[in-house]
Participant: 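Sharing a structure here in structure tokens format.
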Amino acid sequence: AAARLGPARVALDFDRTLATTRAGSEPVYGKHGCDEELLALLWTWRRASLVLTRNRHTRAIREFLERHGAPPGIEVRHVKKGEAKGAALREGLRPGDTALLVDDSIAELVHPSVTGDCGAEAGEVHRVLFVRLL
């Protein structure tokens, strides 16, 4: 889907999406895993990719992802509780740009800052609800 869209930005959630961590815990290599297909997406769109997360352990997340094979220096941005991921996602997008957001939370995906219902003019956001099967 990403290849068809040609996104100017690809944003992935961390906890329960890109990684098997939960509830803002610090990732531990060897204990937590990463989704291989989403890691591949980071490589394919490495110049446009970032991790948008509510998890505050950004340095540990970056190191964890690199140990799992993510592109070096991947941007990991902490979005505080109460702040909208859509604002960080749309930052720097121009009219006509397309963004892709992958998240395990329907609430994040339908937030007005993501859907554009808040008057956001820059770019169209394609949203993917990520569900990890056991």
Side-chain angles (χ1 to χ4, degrees):
R4 181 177 46 81
L5 295 173
R9 171 138 328 113
V10 174
L12 305 178
D13 176 50
F14 184 72
D15 290 327
R16 296 173 32 145
T17 304
L18 184 53
T20 58
T21 55
R22 302 177 79 117
S25 63
E26 187 168 344
V28 177
Y29 187 80
K31 177 181 178 184
H32 300 109
C34 278
D35 185 275
E36 295 296 323
E37 291 181 21
L38 293 179
L39 279 175
L41 187 66
L42 289 177
W43 273 103
T44 303
W45 298 97
R46 64 187 163 275
R47 288 177 180 76
S49 293
L50 75 149
V51 176
L52 286 180
T53 181
R54 302 258 177 226
N55 188 321
R56 62 184 173 85
H57 301 287
T58 56
R59 176 183 283 162
I61 290 170
R62 188 175 303 104
E63 291 169 2
F64 173 82
L65 290 173
E66 288 179 5
R67 287 191 71 191
H68 275 278
I74 187 77
E75 181 180 358
V76 178
R77 192 178 305 181
H78 173 236
V79 180
K80 295 177 183 173
K81 187 175 182 177
E83 293 179 5
K85 282 187 179 179
L89 172 69
R90 291 177 177 279
E91 187 177 298
L93 290 180
R94 298 178 310 244
D97 282 348
T98 299
L100 176 64
L101 174 62
V102 181
D103 205 303
D104 68 307
S105 168
I106 192 73
E108 298 284 11
L109 295 172
V110 300
H111 191 277
S113 68
V114 172
T115 63
D117 294 341
C118 63
E121 295 179 19
E124 179 181 4
V125 178
H126 291 263
R127 301 160 290 153
V128 176
L129 179 62
F130 184 85
V131 178
R132 186 177 300 280
L133 298 177
L134 300 175

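Position 1 is the first residue of the sequence, and the numbers go up from there.
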Participant: How about F14 and L65: do any of their side-chain heavy atoms sit closer than 4.5 Å?
Facilitator: yes
Participant: Within the structure provided, determine whether I74 and R46 are in side-chain contact (heavy-atom separation under 4.5 Å).
Facilitator: no
Participant: Between N55 and E26, is there a donor-acceptor pair closer than 3.5 Å when you use the side chain of the first and the backbone of the second?
Facilitator: no
Participant: Heavy atoms only: give me the nearest H32-S25 pair and the separation to one decimal.
Facilitator: NE2-OG, 4.4 Å
Participant: On a heavy-atom basis, which atom in V114 and which in R90 lie closest, and how many Å separate them?
Facilitator: O-NH2, 2.8 Å
Participant: Would you check if R22 and D15 make a side-chain contact, meaning some heavy-atom pair closer than 4.5 Å?
Facilitator: no
Participant: If I compare all heavy atoms of T20 with all of G33, which pair ends up nearest, and what's the gap?
Facilitator: OG1-N, 2.8 Å
Participant: Are more than 12 heavy atoms from other residues, nucleotides or ligands located less than 6.0 Å from atom CZ of R77?
Facilitator: yes
Participant: Measure from the side-chain N and O atoms of R127 to the backbone N and O of L109, and report whether any donor-acceptor pair falls under 3.5 Å.
Facilitator: yes
Participant: Taking side chain as C-beta onward, heavy atoms only, is D13 less than 4.5 Å from K85?
Facilitator: yes
Participant: Within the side chain of E66, is there an N or O that forms a donor-acceptor pair under 3.5 Å with the backbone of G73?
Facilitator: yes
Participant: Rounded to the nearest 0.5 Å, what's the gap from CZ on R67 to SG on C34? Could you check?
Facilitator: 11.5 Å
Participant: Given the rule that I, L, V, M, F, W and Y join up when any side-chain heavy atoms are under 4.5 Å apart, are L101 and V131 in one cluster?
Facilitator: yes
Participant: Between D103 and T17, does any side-chain donor sit less than 3.5 Å from a side-chain acceptor?
Facilitator: no
Participant: Looking only at non-hydrogen atoms, find the nearest pair between P7 and A48 and report the distance.
Facilitator: O-CB, 4.2 Å
